[in-house]
Amino acid sequence: MRLNKNFYTQPTLKLSRQLLGKFLVRKIGGKTIVGKIIETEGYVGPNDLASHASRGRTKRTELMFGPNGYWYIYLIYGIYYCLNIVTEKNDYPAAILIRAVQPISGLKTDLKTDGPGKLCRAFKIDKKLNGSPAFGKKSRLWIEDRGVKIEAGQIKKTPRIGIDYAGAYKNKPWRFYIKN
DNA sequence: CAAGAGATCATCT
DNA sequence: GATGATCTCTTGA
């Protein structure tokens, strides 16, 4: 059920689609929070101007250049955290932003999870998890396969959100979500 | 209903 | 010192 490290070796854009319909599981304080992943965005390679990695290796982006299967979490606009899973091999920067999940269990009903900032708040995700593995027994945050299959026809593809400055890359259809 | 502004800070220049 | 892979609230038509 729990996705192992090998799963994350797939090409980023393929993996972005594979993650739809999988389940994000968070263990915290004896509680388990579960949400079905319904929207992702891929950030791929050293030339993708929308990616933090396009400015080269820095202390922050180093994680994106590292091995796949680790969480990359950063603060945006001073307020919100965004959750990403690192993909591709060493020295090739890429990651997938998890933009939205559907609440399954363990969540307060009034907490929305339909945006990257909101889902991190609902799942109590912050920088303490930055750089931690998404695989292995010790992980407190991981992704599971519960046998849900998403038909190719159910997946919508659009340009990514909030990256008007990304020039030639801003119209790349690297955002994926499940219809409805 | 659409559009704009403010919140607020780690990271990079 | 500038800026953003966001969200919410406010404004105005």
Side-chain angles (χ1 to χ4, degrees), chain A residues 8 10-22 24 26 33 35-88 91-103 107-134 141-143 155-178 180:
Chain A
Y8 299 106
Q10 299 180 81
T12 304
L13 295 181
K14 180 165 180 226
L15 190 56
S16 300
R17 273 169 293 216
Q18 295 274 326
L19 288 179
L20 296 175
K22 297 290 187 289
L24 183 68
R26 170 82 169 118
I33 305 173
K36 185 167 127 191
I37 298 172
I38 55 175
E39 183 177 346
T40 62
E41 278 182 10
Y43 289 83
V44 187
N47 301 316
D48 180 0
L49 292 173
S51 169
H52 291 159
S54 67
R55 289 163 181 248
R57 285 179 105 117
T58 66
K59 201 171 157 201
R60 176 171 62 155
T61 61
E62 187 61 29
L63 266 167
M64 291 186 72
F65 289 84
N68 53 49
Y70 289 83
W71 296 114
Y72 170 44
I73 296 160
Y74 63 92
L75 185 65
I76 191 68
Y77 301 117
I79 305 182
Y80 299 102
Y81 289 103
C82 288
L83 176 66
N84 304 254
I85 182 80
V86 176
T87 60
E88 308 284 349
D91 296 327
Y92 187 83
I96 296 169
L97 170 66
I98 299 182
R99 288 189 53 84
V101 304
Q102 194 178 81
L107 284 161
K108 289 190 185 145
T109 48
D110 56 335
L111 278 177
K112 293 277 197 297
T113 55
D114 57 348
K118 285 187 275 189
L119 86 85
C120 283
R121 195 176 53 193
F123 277 71
K124 302 191 186 350
I125 290 166
D126 61 24
K127 286 208 72 172
K128 286 200 287 287
L129 289 165
N130 192 31
S132 69
L141 177 66
W142 68 90
I143 298 172
I155 298 178
K156 285 275 212 178
K157 228 201 278 195
T158 76
R160 292 168 293 177
I161 302 296
I163 52 160
D164 284 349
Y165 57 83
Y169 283 82
K170 81 174 183 188
N171 292 320
K172 300 266 183 205
W174 291 349
R175 171 173 176 243
F176 305 93
Y177 63 95
I178 301 174
N180 305 324

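What you see below is based on every heavy atom in this structure, not just the backbone, and it leaves out hydrogens, waters and symmetry mates. Here is the naming used below: chain letters follow the sequence lines, and residue numbers restart at 1 for every chain.
- With A:Thr61 contributing its side chain and A:Gly56 its backbone, the two residues share a donor-acceptor pair below 3.5 Å.
- With sequence neighbours excluded, the residues satisfying ring-ring contact (aromatic ring centres under 6.0 Å, His included) with A:Tyr74 are A:His52, A:Tyr72.
- Applying the salt bridge (charged side-chain N to carboxylate O under 4.0 Å, His left out) test to residues at least two apart or on different chains, the pairs with a partner in residues 56-77 of chain A are A:Arg57-A:Glu62, A:Arg57-A:Asp91.
- Atom CG in A:Asp126 sits about 17 Å away from atom C1' in C:dT6, given to the nearest Å.
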Polar atom pairs (N or O), protein with nucleotides 8-11 of chain C, under 3.5 Å:
from, atom 1, to, atom 2, distance (Å)
C:dT8, OP1, A:Arg121, NH2, 3.3
C:dT8, OP2, A:Lys118, NZ, 3.4

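- A:Asn68 is linked by a side-chain hydrogen bond (donor to acceptor under 3.5 Å, both in side chains) to A:Lys5, counting only residues two or more places apart in sequence or in another chain.
- A donor-acceptor pair is defined here as one N or O able to donate and one able to accept, closer than 3.5 Å; such a pair exists between the side chain of A:Trp71 and the backbone of A:Leu141.
- Computed from coordinates, the A:Ile73 CD1 to C:dT6 C1' distance equals 16 Å when rounded to whole Å.
- Within the nucleic acid shown, A:Leu97 comes within 4.0 Å of at least one base atom, counting heavy atoms only.
- One interatomic measurement links the two molecules: CG of A:Asp164 to C1' of B:dG4, which rounds to 15 Å at whole-angstrom precision.
- Residues that satisfy the side-chain hydrogen bond (donor to acceptor under 3.5 Å, both in side chains) test with A:Trp174, not counting sequence neighbours, are absent from this structure.
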message: Let's test your reading of the pairing rules: Watson-Crick or G-U wobble, both distances under 3.5 Å, then write DNA chain B as a dot-bracket string with ( ), [ ], | and dots.
response: |||||||.||||.
Could you tabulate the donor-acceptor pairs under 3.5 Å formed by side-chain atoms of residues 116-127 of chain A, not counting sequence neighbours?
from, atom 1, to, atom 2, distance (Å)
A:Lys118, NZ, A:Asp114, OD1, 2.7
A:Asp126, OD1, A:Lys128, N, 3.0
A:Asp126, OD2, A:Lys128, NZ, 3.3

Short heteroatom pairs, N/O only, protein and nucleotides 9-11 of chain B, under 3.5 Å:
from, atom 1, to, atom 2, distance (Å)
B:dT11, OP1, A:Lys127, NZ, 2.9

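- The salt bridge (charged side-chain N to carboxylate O under 4.0 Å, His left out) analysis of residues 166-175 of chain A, with sequence neighbours excluded, yields the pairs A:Glu39-A:Arg175.
- Taken residue by residue, residues 49-57 of chain A places heavy atoms nearer than 4.0 Å to DNA chain C at A:Ala50, A:His52.
- At least one donor-acceptor pair under 3.5 Å links the side chain of A:Thr113 to the backbone N or O of A:Val101.
- A:Glu88 pairs by the side-chain hydrogen bond (donor to acceptor under 3.5 Å, both in side chains) definition with A:Thr12, not counting sequence neighbours.
- Within the structure, salt bridge (charged side-chain N to carboxylate O under 4.0 Å, His left out) pairs that include any residue of residues 41-53 of chain A comprise A:Glu41-A:Arg99, A:Asp48-A:Arg160 (at least two apart or interchain).
- Distance A:Ile98 CD1 to C:dT6 P: 15 Å, rounded to the nearest Å.
- Residues A:Ile143 and A:Ile37 have side chains in contact (heavy-atom distance under 4.5 Å, counting atoms from C-beta outward).
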